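Okay, so here's the structure we're looking at.
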Amino acid sequence: MKTIIEPFRIKSIEPITMTTRSQRQTFLQEVDYNLFKLHSKDVIIDLLTDSGTGAMSAKQWAAIMGGDESYAGSPSFERFQSAVQNLMPFDHIIPTHQGRAAEAILFSILAKPGKNFPNNTHFDTTRGNIEAGGAMAHDLVIDEGKDPTNLHPFKGNMNLQKLESYLTEHGDSVPCVMLTITNNAGGGQPVSLENIRAVAKIAKAHGRPFIIDGCRFAENAYFIKKREDGQQNRSISDIVRDCFADADGMTMSAKKDAFANIGGWLALNDPDLADLARARLIQTEGFPTYGGLAGRDLDAIAQGLTEIVEEDYLAYRIRTNEYIVERLDNMGIPVVKPAGGHAVFIDARAWLSHIPPLQYPGQSVAAALYETGGIRSCEIGTVMFGRHPDGTESPAAMDLVRLAMPRRTYTQSHADYIIEAFGELAEIKQDLRGFRIVKEPKLMRHFTCQFEPLS
Ligand code: F0G
């Protein structure tokens, strides 16, 4: 059979409240056109993030009942630890309440003024935690990764020449080399096993620890299996193990590729660094056998890790995004290609070329998509990155709109509905107008700023 179906049946459902276009127009006005401020009950399909929004399986809910809530020595921790170590064989597994908490602990130790951190592309919380310590974060993704139309199979790869010269130039000021798989900020694009191994080798040659941000490790492994020579006959678990084999540690958000609604971890091999991290963990998150989590969360993660590496699930997951990308592409809507692992990205600057970047074409697409279909997406462009600390503003590198797919949550007909909404937008796109920001905070304005549509 050719059709790839959702490889699960639905046992429990959450009703969606349907709304009309005129209701949505009112809601948009009430939230000053900022989609972060919408009530989720007023959203029909919520593609704001793939983080913590997935559906847990019957086995995960059953595991939750088996959670042990002891403060210390909980068997839930042991199950969590062995599930992590089965895929990522690090010596020290330190649970945290989410990915950014793992980053905060790691960078509270490593990121000091004068220090420098390379990555393919730092996710915004990673960059935030590095910069909060007074250190600098640099993105060294390959050039193909910055071109939305380039069909390179591994657009998340690190530029190895740049990494080599970076490490030579910055020497001892680099506490570790980071690599994000998949590269979320670069469109959910994968990193090849060859590139991961090469980064590990370069880091080692320079005596630098190599830390992987592994949030979407299973999606990355699936792309390796499909696209990298010699990987086709291997299991996803084996590929995952190879991805982490040469690393010295990882940060992780279990809200992505562990099918959990909350959780994360920091994993390390260096015992001294792990001791420092655990001391910090006790201060900020909790005792090392629960981190910031309930025992039941640790059990949900342990079970989730056995399910996320199932190939039928990954085939359906990746195909959903490809399906949407192919159809939008056929309609002439500029999309980031190839499709990413966790999201579809629309190139709003190219699509609404009549709206200048400082009038936020991404915001215009996101607001219109909500008005048309009740679909919530996220602008990743000049609204998010265009304001500088001194209050000035300039266009971001790109104006994208991200449709992030929650895991196991929506079906084929939801995908068709999204495509249909874009079809309607395509017909009126010349009439779409830009926005003006009328009120904004100094930092991270996209979460709370107020917009006004330009007439
Ligand atoms: N690293 C990457 C690559 C991420 O995508 C995220 C979160 C984090 C770290 C932080 O993890 O949310 O558990 O603290 N990304 C979400 C998103 C929020 O929507 O892309 P967290």
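All ligand and atom numbering here is 1-based and tracks the order in the structure. From a predicted model like this one, the values you see are computed outputs, not experimental measurements.
- Within the 3.5 Å criterion, the main-chain N or O of R317 finds no donor-acceptor partner in the side chain of E219.
- If you look at K255 next to ligand 1, the close heavy atoms, those under 4.0 Å, all belong to the side chain.
- The shortest N or O to N or O distance between T126 and ligand 1 is not below 3.5 Å.
- Not a single N or O atom of T125, backbone or side chain, sits closer than 3.5 Å to an N or O atom of ligand 1.
- Judged purely by atom type and a 3.5 angstrom limit, R234 has no side-chain atom pairing as donor or acceptor with the backbone of K225.
- The shell of residues lying under 4.0 angstrom from ligand 1, judged by heavy atoms, excludes G264.
- The shortest non-hydrogen separation linking I418 to M405 is CD1-CE, 4.4 Å.
- Distance from atom 3 (C) of ligand 1 to its nearest protein heavy atom, with residue and atom name: D213 OD2, 3.4 Å.
- Put simply, the side chain of R408 gets close to the backbone of A55: a donor and an acceptor are under 3.5 Å apart.
- Of the protein's non-hydrogen atoms, the one nearest atom 9 (C) of ligand 1 is E103 OE2, 3.2 Å.
- Of the N or O atoms in G99, one or more lie within a sub-3.5 Å distance of an N or O in ligand 1.
- Taking 4.5 Å as the limit, some side-chain heavy atom of F27 sits within range of a side-chain heavy atom of L38.
- In this structure, the protein non-hydrogen atom closest to atom 13 (O) of ligand 1 is S253 OG, 2.7 Å.
- Of the possible donor and acceptor atoms, one in the side chain of N321 sits under 3.5 Å from a partner among the backbone N and O of G341.
- With hydrogens and angles ignored, the 3.5 Å screen pairs no side-chain donor or acceptor of T180 with any backbone N or O of H122.
- With contacts defined as side-chain heavy-atom distances shorter than 4.5 Å, the pair I212/I196 qualifies.
- Geometrically, ligand 1 and T182 share no nitrogen or oxygen pair separated by less than 3.5 Å.
- For ligand 1, the polar-atom distance check finds an N/O of R402 within less than 3.5 Å of one of the ligand's N/O atoms.
- Residue D50 has no N or O atom closer than 3.5 Å to an N or O atom of ligand 1.
- Nearest protein neighbour of atom 14 (O) of ligand 1, counting heavy atoms only, is R100 NE, 2.6 Å.
- H342 does not count as a contact of ligand 1, since none of its heavy atoms falls under 4.0 Å from the ligand.
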